[in-house]
Chemist: 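Below you'll find the structure I mean.
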Amino acid sequence: MKKILLLVLTLLALVFGITGCGKIEKNNKNTNEKITMTCTGEKENSNGIELQNIVTYYFNNEQYTTGYSVTTTQKFEDKSLYKEYKSAQEESVSDTSNKDIVYDLKSDDKKLTLVFTMTLKNLNVDDAKTEEEKNNFKASEILNSNESSGYTCIVDGIKKSELK
């Protein structure tokens, strides 16, 4: 009986030792998390059009951008101007999308609103020819550039202070 009890206690100690008593420690090195940055511009009014841009950047674990999406929301006061913009943007969506650049358009004819999204995929920092071009792919540079242009940015998957 003592041998069985000793064996059970040894197995329990081994199980708790391996699993860490069920405690899961999160690795803060961002190895499997995705890093995104969403930057929102202020609403602008110009020539009867209310306009706002939201840019979402996607980053790899080395904090270089791999792609981004620009979503432009336009609200029109004039129906004929709305129709003109809608027609031009529908043409862009149908004629120019490919595997690396995708266009999308959502429209609301009653509210005279267009939501136009351009997504650029498969950006590769290795395509940069100079160190300056390579720096343009860095999350910290993109953050600084957007914030200095008046955009408000939110970073997910990592703290802003950890951006390189």
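What you see is a predicted model, and the numbers here were worked out from it, not measured in a lab. Computed from heavy atoms alone, side chains included, the values below leave out hydrogens, waters and symmetry copies.
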Chemist: Side-chain contact, heavy-atom cut-off 4.5 Å: Ser69 with Tyr58?
Modeler: yes
Chemist: Within the distance-only criterion (no hydrogens, no angle test), does the side chain of Glu162 pair as donor or acceptor with the backbone N or O of Ile158 below 3.5 angstrom?
Modeler: no
Chemist: I'd like to know if Val55 and Val115 are part of one continuous hydrophobic network [Ile/Leu/Val/Met/Phe/Trp/Tyr, side-chain heavy atoms within less than 4.5 Å].
Modeler: no
Chemist: For Glu77, look at atom CD and say whether over 12 heavy atoms of other residues, nucleotides or ligands are found less than 6.0 Å away.
Modeler: no
Chemist: If you look at every heavy atom in Lys138 and Lys164, which pair is closest and at what distance?
Modeler: CB-O, 4.1 Å
Chemist: Taking all heavy atoms of Gly157 and all of Ile35, pick out the closest pair and write down the distance.
Modeler: O-CG1, 4.4 Å
Chemist: Would you give the length of the straight line joining atom OG1 of Thr117 to atom CD of Gln89, rounded to the nearest 0.5 angstrom?
Modeler: 10.0 Å
Chemist: Looking only at side chains, do Asp95 and Tyr103 share a donor and an acceptor under 3.5 Å apart?
Modeler: no
Chemist: Kindly work out whether a path of hydrophobic side-chain contacts (I/L/V/M/F/W/Y, heavy atoms less than 4.5 Å apart) joins Ile101 to Leu123.
Modeler: yes
Chemist: Should the pair Tyr68 and Tyr57 be assigned to parallel (<30°), tilted (30 to 60°) or perpendicular (>60°) ring geometry?
Modeler: tilted
Chemist: Hey, what do you get for CG (Leu120) to OG1 (Thr66), rounding to the nearest 0.5 Å?
Modeler: 10.0 Å
Chemist: Any salt bridge linking Lys106 with Asp104? Criterion: basic side-chain nitrogen under 4.0 Å from a carboxylate oxygen.
Modeler: yes
Chemist: Just to verify, which of Asp109, Ile49, Thr113 counts as forming a side chain to side chain contact (heavy atoms under 4.5 Å, CB included) with Tyr82?
Modeler: Asp109
Chemist: Considering non-hydrogen atoms only, spot the tightest contact between Ala128 and Phe137 and give its length.
Modeler: CB-CE1, 4.2 Å
Chemist: Under 4.5 Å between side-chain heavy atoms, counting indirect links through other Ile/Leu/Val/Met/Phe/Trp/Tyr residues: same cluster for Ile54 and Leu51 or not?
Modeler: no
Chemist: Report the distance from atom CG of Asp78 to atom CG of Asn47, rounding to the nearest 0.5 Å.
Modeler: 11.0 Å
Chemist: Could you state the interatomic distance from CG (Asn53) to SG (Cys39), rounded to the nearest 0.5 Å?
Modeler: 11.5 Å
Chemist: Minimum heavy-atom separation for Ala139 to Met37, with atom names?
Modeler: O-CE, 3.4 Å
Chemist: Of all heavy-atom pairs between Gln74 and Phe76, which one has the smallest distance, and what is that distance?
Modeler: CB-CE1, 3.6 Å
Chemist: For a side-chain contact (heavy atoms from CB on, under 4.5 Å) check, start with the C-alpha distance between Lys134 and Tyr64, then their side-chain angles and the critical distance, and finish with the verdict.
Modeler: CA-CA 9 Å; Lys134 188 175 181 177; Tyr64 288 108; 3.4 Å; yes
Chemist: If hydrophobic clusters are built by linking Ile, Leu, Val, Met, Phe, Trp and Tyr wherever their side-chain heavy atoms come under 4.5 Å apart, do Val93 and Val102 end up in the same one?
Modeler: no
Chemist: Can you check whether Cys153's main-chain N or O pairs, donor with acceptor, with Lys160's side chain at less than 3.5 Å?
Modeler: yes
Chemist: Could you report the tightest heavy-atom contact between Asn136 and Ile142, atom names first, then the distance?
Modeler: O-CG1, 3.5 Å
Chemist: Hey, does the side chain of Ser145 reach the backbone of Glu141 with a donor-acceptor pair shorter than 3.5 angstrom?
Modeler: no
Chemist: Tell me whether Met118 is reachable from Leu105 by hopping between hydrophobic residues (I, L, V, M, F, W, Y) whose side-chain heavy atoms are closer than 4.5 Å.
Modeler: yes
Chemist: With a 3.5 Å distance limit and no angle check, can you tell me whether Thr65 reaches the backbone of Phe59 through a side-chain donor-acceptor pair?
Modeler: no
Chemist: Could you walk me through whether Lys79 and Leu112 pass the side-chain contact (heavy atoms from CB on, under 4.5 Å) check?
Modeler: CA-CA 7 Å; Lys79 191 167 189 157; Leu112 302 180; 4.0 Å; yes
Chemist: Working to the nearest 0.5 angstrom, can you tell me the gap between Glu91 CD and Lys86 NZ?
Modeler: 14.5 Å
Chemist: Working to the nearest 0.5 angstrom, can you tell me the gap between Lys75 NZ and Lys111 NZ?
Modeler: 7.5 Å
